[in-house]
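Atom set for the values below is all heavy atoms of this structure, side chains included, hydrogens, waters and symmetry mates excluded. No experiment lies behind these values; they were computed from the predicted model shown.
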Amino acid sequence: MCGLLTLSLPLLANASALPEHQTSNPWYTDGQAQLASKLARTQSDNAKNVILFVGDGMGISTLTAARILQGQMNGQPGEEGYLSFETFPYTALVKTYNVDAQTPDSAGTMTAMISGLKTDVGVIGIDEDVERGSCASVSGNEVMTAIELAEIKGLSTGVVSTARITHATPAATYAKSADRNWEDVSDMPQDAIDGGCEDIASQLVNFKANLEMRIAGAHVDGTEVAFGGGRRHFLPKDPTFNSADAVSSTEGDRTDGRDLTAEWQASYPSGSYVMDQAGFDAIDPASTDRVLGLFNESHMQYEADRDNDVAGEPSLTEMTSKAIDILDNNDSGYLLVVESGRIDHGHHAGSAYAALTDTIELAEAVQAAMDATDPDDTLILVTADHSHVFTIAGYPKRGNPILGKVVAVGQTEPTLASDGMPYTTLGYTNGRGFADLGDETNADLRYDLADQNGRMDLSGVDTTTPGFHQEAVIPLSSETHAGEDISLHAMGPGAHKAHGVIEQSQVFHLIEQALGLVQQ
């Protein structure tokens, strides 16, 4: 208390020196209120539940641009708003590098967050002593994940992603692989198959058996919820196994003849396997103890493109809400990992619109989780695995359309660059460059077109449409990740430990200490 009194005396003494128009200004009073709220916080250490949200590729510039776009979609200037999780009381900056890479990939970064140690690019659930692509180097270098520890403790567990459920980020929660690309057996070299390594999709189906085999005396019941895309990795390469919404003539990729959806159902006769919106909607959380949902042949749709799905698929918010409703049937608690995987894909395609609208959908999913849980017993963490080479540039005036061309303060016409042409606020350092696809909401169609790097005359182009792809300087087949720090936002028991600049592997310790996973 002495420290607080010492700080408050000069403030009181100087208060009369401030003009009334300053102390009554909303910027001033809001700042006072926020500081008072921070000083009044109390925080416990132990949680019943933990939900980890990962916005794949959601760097700081993505958050800023998405925040502005969200506000502008609601008729506001945009800069003054917050994404749902940006109101969380605790925040940290997170260093994302891999053991062998300055700019990371999702396999190494998610392994850090879910296991507590950093590892190399491209490997999942294994420490840095592994050699990427070498099956022989896996044995003895596997690491335990928070999902596995939660299962051993008797908690319910869930993994949700808008990417393929076998993709790097969700896979790191349950799989051990010397290569992130070994999503099914057809992706593996023969020596890895002969060496006894198991593909990632198979590891999801065999999660329970594999964990009990590795940990003597462990008795687990397996992951209760798995929602995502990637159905092709679970089905044989045989058109007779095609799903109702297959877009390929042969949907499945597996060359071993296994139907993993059937194997999963045989392992969990009371569980529900679903593959479309109707099946998802029919799930009754009160009576469902386990569900596998594979809603697309490959990745799920971008949020902006979801209405165009053949059989319909749930949103990230819907999947998050239903996962929570199923998992909280366990009185002991749960650990849920939710990935918004297509933020990353929008950026890779050079589409700010796709990346930002998926970021806004992630914020909606976080809000749904906040509404469905008790802040006194549930720790919610929101972070990213890495950022992208995505910039907010120029000197646009307040409220200027974030997807638009730069219009300076006091002006009504776009600012011209030194080459006499207008330019957008948002841009990419590298990638395939400019494309104008109008109202097209599938950002991946950019890959069907030739690269157009460098400056383009945007005078007659509406850059705010869903199909506009920003200019990029350096020509690459796909825009790349970036290496700067990303943010971590936390609320609930143990959230106060998220502060400062931290290594990405520390995220695991926030989860572990809140749930007491290692001490069991």
Donor-acceptor side-chain pairing of N296 and D309 below 3.5 angstrom: yes

Donor-acceptor pair between E364 and T317 side chains, under 3.5 angstrom: no

Face-on cation placement of K322 at F280 ring, 6.0 Å and 45° thresholds: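 Checked: cation-pi criterion met.
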
Residues which pass side-chain hydrogen bond (donor to acceptor under 3.5 Å, both in side chains) with T359, listed by chain and number, not counting sequence neighbours: none

For T119, all residues meeting side-chain hydrogen bond (donor to acceptor under 3.5 Å, both in side chains), sequence neighbours excluded: none

D307 atom CG, over 12 foreign heavy atoms within 6.0 Å: no

Check: [Y] and [X] side chains under 4.5 Å, non-hydrogen atoms:
X    : Y    : answer
F234 : T166 : yes
P170 : I165 : yes
R214 : K176 : yes

Aromatic ring proximity H345/H167, centre distance under 6.0 Å: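 Judged by ring-centre distance (under 6.0 Å), H345 and H167 do meet the cut-off.
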
Parallel, tilted or perpendicular, as decided by the 30° and 60° cut-offs, for the rings of W264 and Y268: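 Answer is tilted, since the angle falls between 30° and 60°.
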
Ionic contact status for R231 with E251, cut-off 4.0 Å: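 So E251 pairs with R231 through a salt bridge.
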
Verdict with reasoning, L381 to M113, per side chain to side chain contact (heavy atoms under 4.5 Å, CB included): CA-CA 11 Å; L381 302 170; M113 286 189 277; over 6 Å; no

